[in-house]
Amino acid sequence: MATPTNQSTQQKTEHNADAAPTGTTSPDALAKQFRPIDHESKVWDRWINAKVFHADPSRVLNGAGKPYTILIPPPNVTDRLHLGHAFNNTIQDVLTRAHRMMGFEALWMPGTDHAGIATQAVVEKRLRAAGELKGSLKEAFTRDAFVEKIQAFKDEYEAVITGQLKRMGCSCDWDRQRFTMDPQCAEAVREAFFRLFRDGLIYRGKRLVNWDPVLQTAVADDECFDEEIDGNFYYLRYPLVHPHGASTQPEREAGTLPPGDAVPVTWSELRARGWDVAEDAAHADEHQAWVTVATTRPETYLGDTAVAINPHDPRAKALRGLCVELPLVGRVIPIVEDGYVVLPEALARTDEEKADPKAKFATGFLKVTPAHDANDHELYQRHKRVMDEFAGGTGKALINIFAPDATISDKHGWNDIGGAHLFVGLSREEARRKVVEAFKKHAVGSQTGAAPLFAKSVPYRHSVPHSDRSKAVVEPYLSDQWYVKVTDQRLAKAANEALHTRELSFHPARYAKSYEQWHDNIRDWCISRQLWWGHRIPVWSGDLFDRPAEHVKPLTDKIREWEAANRIAVFKRSGKDPAGLTFNEQYERYTDLSICVRREDDVEVISFLEQARFTRDPDVLDTWFSSALWPLSTLGWPHATPELAAFNPTSTLCTAREIITLWVSRMVMFNRYFMPKVGTKAEGGRLEAQGLGHGPAPFKDVFIHAVIQDGQGQKMSKSLGNGVDPLDIILSHGADAMRFTLCHMATQTQDVRMPVDLVCPHTGEVFAPKFVTNKDGYVVPASIQSSPKDPSKKMVTGYGVASGEVKASAEMPLAKNTSSKFDLGRNFATKLWNAAKFAMMILENAEKTVNAEKAGGTPAPQAAVEASSLSLVDRWMLSRLARGVADANTALREYQFSVYAQCVYDLLWRDFCDWYLEAIKPTVEKDAGQRAVLRAAIDTMLRLLHPVMPFVTEVLYEAVSRHPRREIAGLSLTPPRTSALLASAGWPQAAPSLIDEAAEREFEAMRTLVTAIREVRAQHTVPFKRKITLHTPPGAPDLAAGRDLAMTLAGLEAISTTAPTGPSVAFSVDGLDYRLSNLKDAAEAVDTSAEKARLTKVVADLTKSVETLDKRLSNPGYADKAPPHMVQQSKEQLEKARRELAAAQTELATLG
RNA sequence: GGGCGAAUAGCUCAACGGCUAGAGCACUCGCUUUACAUGCGAGGGGUUCGGGGUUCGAAUCCCCGUUUGCCCACCA
């Protein structure tokens, strides 16, 4: 594996110009400034060389370590990773590294996804842009040649993605990296398909799918997007006829109705049947009657095989037994009654019906095109018998009028063309225009003065599904597809059971609901895709008829033999067939056989089938089929590998909410189906499940994290081009800073916005880009931006490139992104660097002295330091550390990553740097116990921070490790397990006894006093270096051990119990009146106006507090019902507030 | 249409029925202070979207409304 490179030459130059040596990890020479780029690749190499990320299943299997496993959600090889991925992977790395340190055998399994349709579309687009592909893909390339192109693209992007993850510091087990189409995964896919096929859970069916006429493939619902388009409602008149006319039953069944067969129904006749519609009263008696349908897609009328009316429609009765004749086509189709049809507003019976948005434009007559509309298809299922009878036989009412490219075709299931030849060969759009034209031209019936077939059209704006990849309008299309019967209880129900038994849980828990509801309403999963890039379906189809009997016998014998040997499985027909249908029965009943061959390398079977003119299905599997097997395939299934035994089920899955159904659900179903019940022994090296869905869930926890949006609140996406490359951020802020900031943002519910700036490639300047609104209404950075200092210099943006509007060039380079959001992490890394450096400087100085004193002698082993022997500030620090460890543990256990980040941030910055380091400065050189605490504190914090900031902590750990360490009783810091690296060091363990509440109280009292003094100093602009005197009032609490700390931290020269003689300033703490003197030289007057203003505000605030507390306490319900400690607390607060208010008022009065 | 969220300081977000609603950034004032100006000290800034209710007590729970995001379904 290549190590991450891509260092900025610009930064390198700066770095070399720097006089001080940087980039070394020697303890004596930690660089003055922390430059991430100087360390990241070196640290990475140390990790890789030491193999610290490599998980060893034998340690799990022999009980030496518990497993902790995370499977990476394999990124699509379609594009570089963006910040959303960085976020997702940071979380996974935090969990993996923390558990590794906690002693788990941690495996983070890396890999990428071939992303079938997406990748094929991207490559196709690229080839077209490069001029290598013109016209139809299938004419320009052979399957193999095109797959080779995609393969090359995949190799390129897989390397890019892998490089990005490594630069981020992801501690994946890179030796185990997988790809969803590599041989190991392919074997798992093949085996899984075979078993489902054999077990009757895969079937072939004719279904309406979303058809992409450009890519000529079925697309899943999630591969579509809705777009509003301006269309029209067309109102078309269908002439009424009597059903049978002169035609014979055989003629009808053959679909060869003689012209003029249908006998028109006249208005008078219709009226006689009870038709009483005011607006039709004027129609001439002898004219042919009609019904009006409303449609947005008039061209589909060619495939109509019924007209439907609501049974409650008052007109329904008059129409019973009548039909309509499709204009031009001449097809006579029945009028069926179905409750699905919406009554027009005028006929609606209830308010609810009136409120139906469809009622506004409905005519009450619905044209039914079962082959081209999902609802119509369902309606057809309910009226199959009558519709098929009219259409001439079973299944004949499904009339497909489109070729795969969505042109009108008479070659794909439409035979009764009649007078509609003029439409054949037209595109959907042209056909629509021509149909409307024809309806305008022709009349209902042949009488002079008859009304035109076209009634009217009204503009209508509605959303229409488009294919994500090609942007073409999706056509509902009837086609042969393979399905997984996920509705079977061994799949969907088993997935929900995992939730009910708590084997599987979601964090946050509310996502369990959508998971569960999805399974309750699941539909069978269409797994075939008409693509070239993917796992090809391992089914060969052929025909056993039309062969000499002497050929059939050897064939059937072989097939029976191989089926018995589990080398092939023969497709069992639908569930309506009796179970256990024999091969002979199938053979007798069906003209075609579908045979799944278990192994790709079973040459004997495959060549035999191909010689027998069986052909392999050209389709490939839906990408999610192989993704669903990820927990199995990556660990070696179907073989009984040590990895599978050790690491499946895995521990935690980290993903975004959008793929709970697409991916999470399917992994659960497949793992439960394919894995044997826990405790089952493997036989013959292969794992055979009972096929009941009783296996384990593939993971215990599913952590669903927030989504990173751009500055406009839009999701980062490829198509929008608003993704930010993590490498840009690593360049501007460093990997640790990026990781820390992302982790800090990982709150539970709230999606986070990430506004980004641009870095000018000409000047290095950071600036906010100019935004534009694109044609889809999204606010995006303009494709071309000007350098802020020199507007003649231009650059292009990621959006510009992604949208295809511009290309990067030498004159107009691609501008990198950055964001001041990451300053948080960068500043924190710097703070850590400086704090550690300072701590080590202190330790080093002391060690020199100690070594000089003990020259020659071997130091005696020192006993562990007991907290009780330590000073207040040390006991306080140990107490804070113990709490920090506990808080971090809780946060990580509960997947509260921002809490974890915040808790280590406060521990290091607020507690350790702001107070501890400042407090120990005067004493640490002489206090060996204090130095032991200092050493332990920095060590503990490096460990706590390592999961989120691995690079900087690893560099510092090496330096810190060189300082001798004394044990602190109760604080366990075990050394690295497999190397000298922090990455394998033990997670800190702090005994609860280290939490010292007395020390915390005492320290807090001191801190309150110090803060109050600092406030006075700021108020009176007392220079930092000026030492002042504190006068404590009678009855003030004894500062005790805090006395010296207060003097150090507040800049006191003395603490006196007598009142000041000269000028002084008062302040109050806890209602006690303290004074400070010697604030200024005698010549300078103390400015009382600022002091007055401050006190006035204090008085106002306190008055309000007293009021609030008084009101609370005087409420009779409060004393009665609130818990006593709350009441007590309020009383104390009130007392304190009153004391402080009095003190402030007195002081204000004094100032006059 | 069904489901799930969100609305809190100028911005981005915390606060899981009870400390005077917090943090980072931004802002104001002061500071070359011997680890760190990517810093240090201090400060200002809130009718917690609106309206009802439950409760001794509501940012938090319930109801209604407004705005907004996502998922699913549907779209004659």
Side-chain angles (χ1 to χ4, degrees), chain A residues 32-34 221-222 226 233-234 293-297 308 340-342 356-358 361-369 373-376 460 462-465 508 510-511 513-514 517-518 521 656-658 660-661 707 709 713-715 733 737 741 744-745 747-755 820-821 823-824 826-842 898-899 902 905-906 913-914 917-918 921 1011 1014-1019 1021-1025 1051 1094 1097 1101-1102 1104-1105 1108-1109 1112-1113 1115-1123 1125-1127 1129-1130 1133 1137:
Chain A
K32 186 168 179 345
Q33 263 203 335
F34 172 59
D221 290 344
D222 53 277
D226 284 338
F233 254 117
Y234 300 92
V293 297
T295 180
T296 54
R297 296 192 299 156
Y340 171 73
V341 181
V342 174
D356 191 315
K358 287 170 190 158
F361 46 77
T363 64
F365 296 97
L366 174 69
K367 64 190 272 308
V368 183
T369 324
D373 182 284
N375 287 310
D376 292 5
Y460 179 62
H462 61 140
S463 65
V464 174
R510 69 187 130 91
Y511 290 110
K513 203 170 167 185
S514 40
Q517 285 174 350
W518 156 260
N521 303 314
R657 55 183 171 257
E658 65 205 30
I660 292 176
T661 52
V707 172
Q709 303 165 334
Q714 301 157 150
K715 198 165 91 179
H733 287 79
T741 305
H744 196 266
M745 295 190 321
T747 57
Q748 291 286 293
T749 50
Q750 189 65 24
D751 288 345
V752 282
R753 287 189 184 198
M754 175 64 69
S820 58
K821 284 241 163 202
D823 292 354
L824 171 75
R826 183 200 54 191
N827 296 353
F828 186 55
T830 305
K831 190 72 180 176
L832 172 64
W833 182 263
N834 288 321
K837 220 161 48 108
F838 181 53
M840 281 185 282
M841 192 190 82
I842 293 171
S898 70
V899 173
Q902 245 166 93
Y905 181 95
D906 288 342
C913 292
D914 288 355
L917 282 182
E918 293 302 325
K921 277 177 181 174
T1011 304
R1014 284 173 174 176
E1015 196 182 330
V1016 175
R1017 294 183 69 124
Q1019 199 76 50
T1021 58
V1022 179
F1024 180 82
K1025 280 183 176 161
R1094 185 185 70 86
K1097 190 176 181 326
D1101 288 351
L1102 285 170
K1104 204 176 140 200
S1105 289
T1108 310
L1109 289 164
R1112 187 182 298 167
L1113 282 165
N1115 181 340
Y1118 184 64
D1120 293 349
K1121 294 185 185 168
H1125 73 272
M1126 287 298 308
V1127 180
Q1129 188 186 308
S1130 299
Q1133 280 170 358

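Heavy-atom basis, side chains included; hydrogens, waters and symmetry copies ignored. A note on names: the letters A, B, ... follow the listed sequences, proteins ahead of strands, and every chain is numbered from 1.
Taking atom C1' in both B:rG51 and B:rC13, the straight-line distance is 27 Å, to the nearest Å. The P atoms of B:rG39 and B:rG50 are separated by 36 Å, rounded to the nearest whole Å. Annotation: B:rA14 and B:rA73 have their C1' atoms spaced 35 Å apart (nearest Å). Here, B:rA42 and B:rA6 have their P atoms 35 Å apart, quoted to the whole Å. For B:rG46 and B:rA7, the C1' atoms lie 15 Å apart once the distance is rounded to whole Å. Distance noted for atom C1' between B:rC40 and B:rA35: 12 Å (whole Å). B:rG18 and B:rG57 have their P atoms separated by 15 Å, with the value rounded to a whole Å. Annotation: B:rG41 and B:rG5 have their P atoms spaced 41 Å apart (nearest Å).
One finds the OG1 atom of A:T741 at 7.5 Å from the CE atom of A:M754 (value rounded to the nearest 0.5 Å). Annotation: the span from A:T1108 atom OG1 to A:L1113 atom CG amounts to 11.0 Å, rounded to 0.5 Å. Within the model, atoms NZ of A:K921 and CZ of A:F838 stand 4.5 Å from one another, a figure rounded to the nearest 0.5 Å. To the nearest 0.5 angstrom, A:T295 atom OG1 is 11.0 Å from A:F361 atom CZ. Annotation: the span from A:L1109 atom CG to A:Q1129 atom CD amounts to 9.5 Å, rounded to 0.5 Å. A distance of 4.0 Å separates CE of A:M1126 from OH of A:Y1118, quoted to the nearest 0.5 Å.
Across all non-hydrogen atoms, the minimal contact from A:W833 to A:Q33 is NE1-C, 3.7 Å. Residues A:T296 and A:Y234 approach most closely at O-CE1, 4.1 Å, considering heavy atoms.
Stacking between A:Y1118 and B:rC56 is absent: the ring centroid is not both under 5.5 Å from the six-membered base ring centre and under 30° in plane angle.
A:Y511 places its OH atom 8 Å from the C1' atom of B:rC70, with the value rounded to the nearest Å. Whole-Å rounding puts the A:D1101 CG to B:rC19 P distance at 18 Å. Atoms CD (A:Q902) and C1' (B:rU12) sit 12 Å apart, rounded to a whole Å. Between the CD atom of A:E1015 and the C1' atom of B:rC40 there is a distance of 17 Å, rounded to whole Å. Look at CD on A:Q1019: it is 13 Å from P on B:rG30, rounded to the nearest Å. Distance, A:I842 CD1 to B:rC36 P: 12 Å, rounded to whole Å. One interatomic measurement links the two molecules: NE2 of A:H744 to P of B:rC13, which rounds to 13 Å at whole-angstrom precision. Put simply, CG on A:N521 is 15 Å from C1' on B:rC4, counting in whole angstrom units.
Among the heavy atoms of the strands lying under 4.0 Å from A:P1123 is at least one base atom, whether or not backbone atoms are also near. When heavy atoms are screened at a 4.0 angstrom cut-off, A:Y234 is found touching no nucleic acid atom at all. If you check every strand for non-hydrogen atoms under 4.0 Å, A:T1011 touches sugar and phosphate atoms only. Within the nucleic acid shown, A:V341 comes within 4.0 Å of at least one base atom, counting heavy atoms only. Residue contacts shown for A:A1122 include a base, since a base heavy atom lies under 4.0 Å away. Backbone-only engagement by A:L824 is indicated by non-hydrogen atom pairs under 4.0 Å involving sugar-phosphate atoms exclusively. Residue A:D914 is classed as a sugar-phosphate contact, given heavy-atom separations below 4.0 Å to backbone atoms only. When heavy atoms are screened at a 4.0 angstrom cut-off, A:R826 is found touching base atoms of the nucleic acid. Counting any heavy atom pair closer than 4.0 Å across all strands shown, A:D823 reaches no nucleic acid atom. In this structure, A:F233 reaches the sugar-phosphate backbone alone: every heavy-atom distance under 4.0 Å involves primed, P, OP1 or OP2 atoms, never a base. Contacts of A:K1104 with the nucleic acid, taken as non-hydrogen atoms under 4.0 Å apart, are absent.
Note on A:K513: a side-chain N or O is less than 4.0 Å away from OP1 or OP2 of B:rC4. OP1 and OP2 of B:rC19 both lie 4.0 Å or more from every side-chain N or O belonging to A:Q1133. Using a 4.0 Å cut-off, no side-chain N or O of A:N834 falls inside it from OP1 or OP2 of B:rG39. Applying the 4.0 Å criterion to OP1 and OP2 of B:rC40, one finds that A:K1025 has every side-chain N and O outside that range.
Side-chain proximity of A:K821 to the nucleotides B:rA76, B:rA35, B:rU12 is greatest for B:rU12. Side-chain atoms of A:N1115 lie closest to B:rC56 of the nucleotides B:rC19, B:rC56, B:rU38. Listed candidates were B:rA35, B:rA42, B:rU20. Nearest to the side chain of A:R1014 is B:rA42. Checking B:rC36, B:rC56, B:rA35 against every side-chain atom of A:K1121, the shortest atom distance belongs to B:rC56. With distances taken from any side-chain atom of A:D373 to the nucleotides B:rG18, B:rG30, B:rA76, the minimum falls on B:rA76. Checked against B:rA76, B:rG24, B:rA35, the side chain of A:K831 finds its nearest nucleotide in B:rA35. With distances taken from any side-chain atom of A:T296 to the nucleotides B:rA76, B:rU33, B:rU38, the minimum falls on B:rA76.
Under 4.0 Å is where a charged nitrogen must lie from a carboxylate oxygen, and between A:D823 and A:R826 at least one such pair does.
In this structure the side chain of A:Q902 never reaches within 4.5 angstrom of the side chain of A:V899, judged on heavy atoms. Residues A:R297 and A:D373 are in side-chain contact: their nearest non-hydrogen atoms beyond the backbone lie under 4.5 Å apart.
Take the nearest nucleotide of RNA chain B for A:A836 and for A:R1112: the residue whose nucleotide is more 5' is A:R1112. Residue A:L1109 is the one, among A:L1109 and A:F828, whose nearest nucleotide of RNA chain B lies closer to the 5' end (criterion: closest heavy atom).
Scanning atom types as modelled, one donor and one acceptor separated by under 3.5 angstrom connect the side chain of A:E918 and the base of B:rA35.
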RNA chain B in dot-bracket form (Watson-Crick or G-U pairs under 3.5 Å, [ ] crossing, | inter-strand) is (((((((..((((....[...)))).(((((.......))))).....(((((..]....))))))))))))....
